[in-house]
Amino acid sequence: MLDQTQVERLEAEAVNSAKTRQPLYAARKKIFPKRASGRFRQFKWLVMAITLGIYYLTPWLRWDRGAFAPHQAVLLDLANRRFYFFFIEIWPQEFYYVAGLLMMAGVGLFLVTSTVGRAWCGYACPQTVWVDLFLVVERAIEGDRNARIKLDAAPWSARKLMLRISKHTIWLLIAVATGGAWIFYFADAPTLALDVARGTAAPVAYVTILVLTATTYTFGGLMREQVCTYMCPWPRIQGAMLDENSLTVTYNDWRGEPRSRHAKKSLAAGQSMGDCVDCNACVAVCPMGIDIRDGQQMECITCALCIDACDGVMDKLGRERGLIAYATLSDYNANMSLATAGGTAPVNPALVRTAKGTFAEGLAHFHLRNIFRLRTYIYLGTWSAIGLVLVYSVLTRERLELNVLHDRNPQFVILSDGSIRNGYTLKLLNMIPEPRAIEVSLQGLPGAEMSVVGVDLPPARSFATLAEPDRLKTLKVFVRQPVDRIAGAAQEFTFRIEDKAGVESAEYTATFNAPETAR
Ligand code: SF4
Ligand code: SF4
């Protein structure tokens, strides 16, 4: 038997050992982004104005479709199962157009991400746009970063209460406007706005406003960057779409390191120093609260505000812009290799500069052709092909359709004079918002004539009917053929409908059944 001291002790440690275990939930650290200024900030203002303008104003655009269709340019008319988009009207059976548009949006997102990284996240995603808007309000009321940090740390006072109430009130008003704008896409906006104000709108309208107000206020005002980091799946997915030639916001440590706040002293001591003066301006403006100098991070939405901040610092120092810049991984690697003598030494900025202080010739610089590569062309080709098919299909689609159901029970009836009669249900689809005079006629089936149930007209090979605008018209039709003209137990013939104005027509091939003995 072994003594307890003789039992071998293995070198092993639990991966979640109590000594080192981190809590699964880390409390949120508040972020107080500083106002940035520069070309990317300007561009973001522009995108923000356009996207918010489109969202809030679109339901109010009018489009004349005549007396029989709504005059709202963009309308999802769920009650009547129609989708209006300017001159295009989509019926439920044409939902493939919506599927096509969704495919284009998906492929377009792949295209953008593979070329310019998370441009969608940084500029056009609703979460980014609304957080930006909420930050504008916050800054206007509470001041820029330092003032907000001070206010947050200060004990509650009448001033702090006033500022906070003002901020949250405006946030709530923006949230209500956001939820309110959404419902206008589903009904005539002016009418619905009046109904909502009077309290006579459908309950679903108020519930929708309430839900969207709550989500906008919570996501845009309270949760902000946490939505991107923890809730949105897109940051995880897009990693697979980026490659070494995709543009991403990059800290060029090949020229920035070693960083120092006391570069003059270091230079005087003969040390080679990088361009980064460790001022943290790039961290202060980041709406995600991260430091791009730590390398690519999932949290980075590539809003490029750190580029603006750093460019401003470089301008003040009289150095070249672009210490933080949009760059491809392949260019970055090439320059890092140069700065580190092929990876054999720490970054030495002297290796990427000439004796005059300008950049060395061998440095890799971004070139547009780098982002136009096979992958980009495949995405662009797929996106364009789907778009062309959709456009062609919309421009050439029929707005008059015919469907026919043949009576199954009985398949035919033998009338007293020996002639055979078959019954059919004709479904005429007039897909334009105007009434149409339609002629229905028989093609083939010699000697046969039609009569319409409920219409007092003598049997004939054709008859006229009025198709209501934007409606399906159903007709019950009997076709009768004299016994001496019967040519088989199942004869094919055609129902034809034609707009009397001669613009469109549609046909349906049907079968006329007769007993074998009738011939
Ligand atoms: S690191 Fe730069 S690009 Fe990324 S989110 Fe922050 S500010 Fe925007
Ligand atoms: S803004 Fe530029 S110089 Fe300042 S810390 Fe960031 S990278 Fe360095």
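Numbers here simply count residues along the sequence, with the first being 1. The figures that follow rest on heavy atoms only: side chains count, while hydrogens, waters and symmetry mates do not. Numbering of ligands and ligand atoms starts at 1, following listing order.
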Under a 4.0 angstrom heavy-atom cut-off, which atoms of ligand 1 come close to [X]?
X      : value
Thr302 : 3 (S), 4 (Fe)
Met288 : 5 (S)
Ile292 : 1 (S)

Side chain to side chain contact (heavy atoms under 4.5 Å, CB included), paired with Glu244, selected from Leu329, Asp331, Thr328: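 Going through the options one by one, the only one that passes is Leu329.
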Option among Cys303, Cys282, Cys306 that satisfies the side chain to side chain contact (heavy atoms under 4.5 Å, CB included) test with Val249: Cys306
Please report which non-hydrogen protein atom sits nearest to [atom], along with the residue it belongs to and the distance in Å to one decimal place.
atom                    : value
atom 3 (S) of ligand 2  : Val277 N, 3.5 Å
atom 8 (Fe) of ligand 1 : Cys303 SG, 2.3 Å
atom 2 (Fe) of ligand 1 : Cys306 SG, 2.3 Å
atom 4 (Fe) of ligand 1 : Cys300 SG, 2.3 Å
atom 5 (S) of ligand 1  : Ile301 N, 3.5 Å

Does either side chain, that of [X] or that of [Y], offer a donor lying less than 3.5 Å from an acceptor on the other one?
X      : Y      : value
Asp243 : Ser246 : yes
Arg293 : Asn280 : yes
Asp294 : Tyr251 : no
Thr178 : Trp130 : yes

Report, in ascending order of atom number, the atoms of ligand 2 lying under 4.0 Å from any heavy atom of [X].
X      : answer
Cys282 : 1 (S), 5 (S), 6 (Fe), 7 (S)
Arg293 : 5 (S), 7 (S)
Cys276 : 3 (S), 5 (S), 7 (S), 8 (Fe)
Cys310 : 1 (S), 2 (Fe), 7 (S)

Mode of Asp278 contact toward ligand 2 - side chain, backbone, both, neither (heavy atoms, under 4.0 Å):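 The answer is the backbone of Asp278.
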Asn280, portion touching ligand 2 at heavy-atom distance under 4.0 Å: backbone
Shortest non-hydrogen contact between Arg118 and Met298, atoms and distance: NH1-O, 2.6 Å
Closest heavy-atom pair and its distance - Thr302, Ala119: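 Scanning both residues, the minimum pair turns out to be OG1-N, 3.9 Å.
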Taking only Lys NZ, Arg NE, NH1 and NH2, and the carboxylate oxygens of Asp or Glu, determine whether [X] and [Y] approach each other closer than 4.0 Å.
X      : Y      : result
Glu89  : Arg65  : no
Arg164 : Asp152 : yes
Glu138 : Arg35  : no

Residue part near ligand 1, for Val285, under 4.0 Å between non-hydrogen atoms: neither
Heteroatom N/O/S of Cys279 within less than 2.8 Å of atom 6 (Fe) of ligand 2: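 It does not: Cys279 brings no N, O or S atom closer than 2.8 Å to atom 6 (Fe) of ligand 2.
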Heteroatom test (N, O or S) for Cys286 near atom 4 (Fe) of ligand 1, limit 2.8 Å: no
